[in-house]
Structure formats: structure tokens, C-alpha cells
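Index from 1, following the sequence. Keep in mind the model is a prediction, meaning the values are calculated, not measured.
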Amino acid sequence: MEITKQIIVEHGITEEEYEKILSILKRTPTITELGIFSVMWSEHCSYKSSRSTLKMLPTQSKRVLVGPGENAGVVDIGDGIWIAFKVESHNHPSAVEPYQGAATGVGGILRDIFTMGARPIAILDSLRFGEMESSQSRRLLSGVVSGIAGYGNCMGIPTIGGEVCFDAVYEKNPLVNVMSLGIISDNKIIKASAIGEGNPIIYVGSATGRDGIKGASFASRELTESSYEDRPAVQVGDPFTEKLLLEACLELAKKDYLIGMQDMGAAGLTCSTCEMASKSNVGIEIDLSLVPKRAQGMTPYELMLSESQERMLVCVEKGYEKDVEKIFEKWDLHSVVIGRVTNDGIFRVMDGQEIVSEIPAKSLTDDAPMYQHPEKEPAYLKEVQKAFSLQPSAFSLNEILLKLLASPVIASKAWIYEQYDHMVRTNTILCPGKGDAGVVYIKSERAFLAEGAPLAEGAPLETFSLQKAIAMSTDCNGRYCYLDPYTGGMIAVAEAARNVVCVGAKPLALTNCLNFGSPMDPEIMWQFRRVVEGITKVCQALDVPVTGGNVSLYNESEDGPIYPTPVIGMVGVIEDASKVTDMGFKNEGDVIILLGESRDEIGGSEYLKVIHGMVAGKPPVLDIEMEQNVQQAVLDAFDAGIVRSAHDCAEGGLSITIAECCLQGKIGAKCSLDRGQEIPIISLLFGESQSRIVVSVSGNSLEQFRQIITQKGIPHEVLGVVGGDELIINDLIRLSLKEMEVAYQWQG
């Protein structure tokens, strides 16, 4: 096929990039080679617009064993336990085919985990849709939730938490970010390595079809009306095959003859082969005529660019091909030697005796373009950040509280997470909706296997580690990032850390999914840099490294870009799982204390949007020293075993936080807020000042708790006591549990 200008444009390759391709090859590329370059140099695979900025993120600590660059980050949490975790996006596929887009997003992130040799034990999701008055948004939400449930439930991996947010800016470009975490047994990490000349490259898993062709390129451009014609670029998932693949790969991971393993994710066979070659400084030669196919007449171009799911590429020592085949045959999966490692650094693709592609492997990875796009402070900022005055609301304070409880952003998401199996494997401590983070026990590999397969007769069974647990949370307020990207990036990290602290976990590391509009827009790139600077600042202050993640650009439609939405997936460790608690108030007479300082801050709040229809002002200020002290004080109180409940003050402010504690605990509270600070009532009740946590302790523990927080010099206030069947705040709010429950149980 002749390579015309039109074909080059259709592949998303610029004139400058095409000239670079000609320089690398010293000839005109074949159509297959052009396709390979197009996906490997796409934004989705190469991060060509974001790599330079991402370098500022802190990625190392004494706990980090594997940082960015592999399928998932790996962290040592002590006691010989290693965990792998990562968050990824599947935004564009979910916009055009919500069920399969979300389902294959789950499948992809799970493969990232077990490719590292880790058994996945938990899933979280972070979702964004348009307003629920829109039939389009309701359709997308229904399809995405069904896809997550359909895949995760079939895999037998619990979905233990996440978040769902709604705003008109996500109407045509929803965000579907999925996080997973797994445990590595035997202290053995599997990487995407391919070393040893002549060692075999083996294709394992499902056969290759025509679904998902050029999916990486599809994810690297804006959504338009014509994007719905790109449904073939969306992969089709099969969770039952993935479950078999998971078990087969984990069995293979224990073998000493395994050299490396790589998921065929974005860019499929292309990405897995050339990345293994490039990382290992070798060449790889494969023969497409040997690839298992589920469609007749597939061309080399289609085979190389298909993103069919449930496939892996492995490299093993020569002579063990039959051993690998035996493992995968047991699990009823393909295992076919399709190539070998070479020493010439060339990624060579054959179709029988014909060479269809011959490219230096590193030119597809290390030599991918890297851009420093122009940056410009957005023109809208001066308008949205300017001072504003509010007319008194026609609603009473009781009515405002009920309206906020009923806001889709705040209201119970039970109707969503009840579609997920969050108790499968029986190691979930805190289920979705119970606390600010999901929590799971750490269970041995043998205990997991015993639930699904019989052990050899007489073999000892390791059981739960009831001592140590892992907390996980996903969080981001895109509205804050829109109003002030730097502060919004800071708050995203601080709040995600606060979430795991509120269940008793020390923040350890994070993964992020940075969702933004087009990098060709200078204002978007300015947002991106400022957000990353904010994330970096708080990560350094809290000593929480970034172990990996995902950048998702081109999240925009004809209506404009989404809010900058840097989703943070935070992981924390709990040394004594018996001390875990949720957000619900517990006992009559328990004392309620607010840690942190309330300020006159209403900008960017849920109150402002729901009651006044405004997205304006500046987001709350983040005092990093205050954040550190509040988090450490709560952790010290957990260590002392005196925390009855803990809940982060977030969307809706202090009154919503207290109301949620009442609703979760099914018990009322009587509070008296200090009004001597001269903070307006609206800001006091509904402002979203940061670094605040509402804690309850028994009356007998109050003095001990005060000593802990006084040592940290933290502003605090005894708000009142738990009890009754009403929420009473001064003479301002008086609502029954029943009234609040009716508002809170929003059904979508």
C-alpha cells in the first residue's frame, strides 16, 4: 500500500514525526510499520506531551521496590509482604461503548497486577459523568457500572471502594478510572524482561480478533460525534477467560525458568514485544503466521494493532517451552511459541517467510517524540476567581442540608456499589460506603488458592493475617482543579491521604490517573503543569511517593474540555487491623470532636453549585503543616485504641460530615458550633475548609485524646455528643434521622 499524506494523517502522525520515521528506517515504512509507529508514538503509549512534566514527581522511598515504568508499582509494607497497585483510565472506550469500555478497563488493570506476579485482591473505581438529568449520562452510568460489576464479579475480586461524581463538563466525555491492588507471594517480582539470545517468546491466553484495533490511537484524540463510528476500537472482554489466565500466569510466575511477562494491553502485540525488547536491550523476532486467531484473513496490520483482551507475552529459558504449554493447556488456554530473542536490537515481524516490519526496538520507545508544548494561564481564571457576593438563599438551613444530602455528588451510592460483589474472598473489613477508604485483610496466597482449588492432602493451610491490613482510596475534586489547578492538585493528594488515615492507616504510596483535555491547548498544558506541581508538593511533605499511574489526555468534546481531574489512588497500611473503624457514630454519650480549623471559605463548594448554581471563587486553602499534624494526631489516637469513628470533612462541609456520621451509625447527635470566630453561618456549616476530621471517642477517653492533639498544636473543638434520633446543631439545624435518610438515599 502506498503511504500517502492522507494515510499519515489518519494515523495521527505529524509531518515532523513522519520525517523522523523516515530518518530511523532510512526508507519508506510499510503500512504495518506505520501502524506500529502510530500506536507506539501515540499519546496513550508514549506520554510524549507529559513525560517532561512527570519527571518532577517523587517516585522513590525506602519502601518502593518498583516505581514508574513497569506494569504496576510495588511496595514493601513490612513483615515480608509486598503489594502491587496501579490505576488506569478507559475513558474514550467507555464513552462510545460503556459496558465493554468499563469491563475491559477492569480486565486491563487486573492484568497489570498479575503480570507482576501479584494476586489481585481488590478493585476500586473513580467515575465521572454528566448531570443525572441527562438521559445520556444515565445511559453511560448504567452501562459503566454494569461493565465493572460484570467483569469484577466474574473474576471473584471484590470492588471495595471508589467514588462517583457528576458535572455537566463530563457529559460527553465520562471518566472511567479503575484501580487494583494485589499481593506478591514468595517475594518474587516479574518484570517485562526478554533476555538471552534464542530464548523463546511465547504467546499465551486468548486468540486475537479484530476488536480494539488502534485502540491506543483512539484514546489519543478528542471525542466527536464521529467517535461513535470507532466502536471497533473498543475491546471486548471475557472475564471467565481472564480468570483462567490469571491462575495460569500466577502458576507460571513461580517457575524459575520464567524470564519475563508482559500484558498485551494498549497497542496489543506491538507494545508487548517492542517494550520487552527495548527494556532488555535486545531484539525480538516474531512470526504472525503462528499467532492464534479468531477471525479469518487477518492482515499483519490487524494482528499487530489488535487489542483483543486476555492475552500475555512471556519469555522463558530455552528448553522449557513444553512446560509452559502444559501449564496453559491445563487452564484451557493457548500457549504458542511465536518468536525468539535476538541480539541485534531489532523488532522484526515476519508473516511466514515474509518480513512485514523491521524497526529498531528503542526507536519505538526511548526515541518517541517528547514535546514541550506552549503553556498559558487560562483566561477564564480571572473571571471565575473574582470576588462574589451571594444573595440570601430562599431555603432554610434545614432545607439546604437536605438538598446537599440529596445531591448526586454527596448522596449514598449504595444503589451503585450494591451491584458489586465486595465480600468475595471474605477478607474485606470495610465495605463501600462504610468509611472513607476500603480496607482488606492480608491473606496468604495459599489461603486464596484453597478457596478455589483443593490443596494436596495433608498440606498446611495458612490463614488470615489478622494483624495487618491495607486501606485504599481514590479521590479528586475536579472543580477545585478547575478553579485553581495548583491548589486542586495539592488537595487531591491531601484528601486521599486523609481518607486512609480516617480508617487508621498510615499513607504509604500512591498511583495517579491524570485526566486532562488536549495537550495542543496551551491553557490545558498550564493546568497540567500546575496540578503536577501541587501533587509533587504534598507528596514530598507527606513522604508519599508516586509508584506509577496513567496520563489520559484529549478528554474533551465539541463542548470543550473536562475539568482537570487528577485522580489519586492512595494506599495505606494498618499495623493492627483490630483498631479499624468506620465513619459511623457508635454509642450514646460518645464525644464528638472537630480537628482542624474552619475558615470563611465557600468557593468551589458543593453548596455554591447546588444552592446557587455557581462554580466560582477559589478552592479552600491547604496548610500542609496543619494537614501533617492532623493526620498524625488521628493516627496516634488510633494507635492508642480510642477512636470510635473518624470522617474527613469534604464535599458539603462540616454539617454534611456530621450528618453522614449519624446516618452511617444510625444514631443522632447534638452539636454546638463555636460561632465566636465570626465566620458566616453558611461557611461554618457548608464551607469545605481542608485538613479537618470529625472524630468520636468515649467520654472516658476524651482527656487522653486531648493530650494527643494538644501535643501537635492542632486547633480543635468539642462539638457535642452522640445520641438520640435527631441531628441538632445549635439552633440552626434540627432534622430527624428519617428525614436525612430519605434525602440521602438518592437512586439516580
Student check: side-chain heavy atoms of [X] and [Y] closer than 4.5 Å:
X      : Y      : result
Lys468 : Ile81  : yes
Ile77  : Ile442 : yes
Val336 : Glu325 : no
Met304 : Ile286 : yes
Val567 : Thr565 : yes
Leu269 : Val291 : yes
Arg51  : Thr53  : no
Asp112 : Glu88  : yes

Could you state the interatomic distance from [atom1] ([X]) to [atom2] ([Y]), rounded to the nearest 0.5 Å?
X      : Y      : atom1 : atom2 : value
Met116 : Glu70  : CE    : CD    : 5.0 Å
Ile36  : Thr273 : CD1   : OG1   : 7.5 Å
Ile160 : Ser473 : CD1   : OG    : 9.5 Å
Phe114 : Cys249 : CZ    : SG    : 5.0 Å
Met179 : Ile123 : CE    : CD1   : 11.5 Å
Ile535 : Leu514 : CD1   : CG    : 5.0 Å

Say whether [X] and [Y], considering side chains only, have a donor N or O and an acceptor N or O under 3.5 Å apart.
X      : Y      : answer
Thr32  : Thr30  : no
Glu43  : Ser49  : yes
Asn515 : Asn91  : yes
Thr365 : Ser278 : yes
Asp211 : Ser308 : yes
Asn550 : Lys86  : no
Ser52  : Tyr371 : no

Could you go through Met264 and Gln262, starting from their C-alpha distance and side-chain angles, then the distance that decides it, and tell me whether this counts as side chain to side chain contact (heavy atoms under 4.5 Å, CB included)? CA-CA 6 Å; Met264 290 191 214; Gln262 175 67 31; over 6 Å; no
Check this for me, if you would: do [X] and [Y] make a salt bridge, where the nitrogen-to-carboxylate-oxygen distance has to be below 4.0 angstrom?
X      : Y      : answer
Glu247 : Lys243 : yes
Glu358 : Arg27  : no
Glu242 : Arg111 : yes
Lys255 : Asp323 : no
Arg340 : Glu285 : yes
Glu251 : Lys330 : yes
Glu17  : Lys48  : yes

Check for a donor-acceptor pair, side chain of [X] on one end and backbone N or O of [Y] on the other, with a separation under 3.5 Å.
X      : Y      : value
Thr511 : Gly548 : yes
Arg311 : Gly205 : no
Ser363 : Pro360 : yes
Ser306 : Glu302 : no
Lys26  : Ser23  : yes
Tyr47  : Val551 : yes
Asp366 : Lys362 : no
Asp287 : Ser289 : yes
Thr104 : Gly107 : no
Gln100 : Gly237 : yes

Testing the basics here: between [X] and [Y], what is the closest heavy-atom pair and its distance to 0.1 Å?
X      : Y      : value
Ile201 : Ala194 : CD1-CB, 4.2 Å
Ser193 : Met276 : O-CE, 3.1 Å
Leu313 : Ser272 : CD2-OG, 3.8 Å
Cys539 : Pro58  : CB-CG, 3.6 Å
Val316 : Ile202 : CG2-CD1, 3.7 Å
Ala496 : Ile568 : CB-CG2, 3.7 Å

Check for me whether the distance between the ring centres of Tyr151 and His90 falls short of 6.0 Å.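 Between Tyr151 and His90, the centre distance exceeds or equals 6.0 Å.
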Could you go through the side-chain hydrogen bond (donor to acceptor under 3.5 Å, both in side chains) check for Tyr203 and Ser335 one step at a time? CA-CA 6 Å; Tyr203 175 117; Ser335 174; over 6 Å; no
For residues 261-281, pull every pair meeting ring-ring contact (aromatic ring centres under 6.0 Å, His included), keeping only residues two or more places apart or in separate chains.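 Listed by first then second residue: nothing to list.
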Evaluate salt bridge (charged side-chain N to carboxylate O under 4.0 Å, His left out) for Glu329 paired with Lys326, printing each intermediate quantity in order. CA-CA 5 Å; Glu329 187 177 60; Lys326 185 177 179 181; over 6 Å; no
Plane angle bin for Tyr320 and Tyr257 - parallel if under 30°, tilted between 30 and 60°, otherwise perpendicular: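 If you compare the ring of Tyr257 with that of Tyr320, the planes turn out parallel.
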Candidates Leu25, Val349, Ile346, Thr270 - the one meeting side chain to side chain contact (heavy atoms under 4.5 Å, CB included) with Ile359: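 Only one of Leu25, Val349, Ile346, Thr270 forms a side chain to side chain contact (heavy atoms under 4.5 Å, CB included) with Ile359, namely Leu25.
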Test side chain to side chain contact (heavy atoms under 4.5 Å, CB included) on Met40 and Cys274; report intermediate values, then the result. CA-CA 9 Å; Met40 290 306 299; Cys274 68; 3.4 Å; yes
Just do the side chain to side chain contact (heavy atoms under 4.5 Å, CB included) check on Val341 and Cys315 with the steps written out, would you? CA-CA 8 Å; Val341 178; Cys315 178; 3.9 Å; yes
Would Lys20 count as a cation-pi partner of Trp41, with NZ or CZ less than 6.0 Å from the six-membered ring centre and within 45° of the ring normal?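 Checked: cation-pi criterion met.
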Take Asp125 and Asn177 through the side chain to side chain contact (heavy atoms under 4.5 Å, CB included) test and state the conclusion after the steps. CA-CA 6 Å; Asp125 51 46; Asn177 295 179; over 6 Å; no
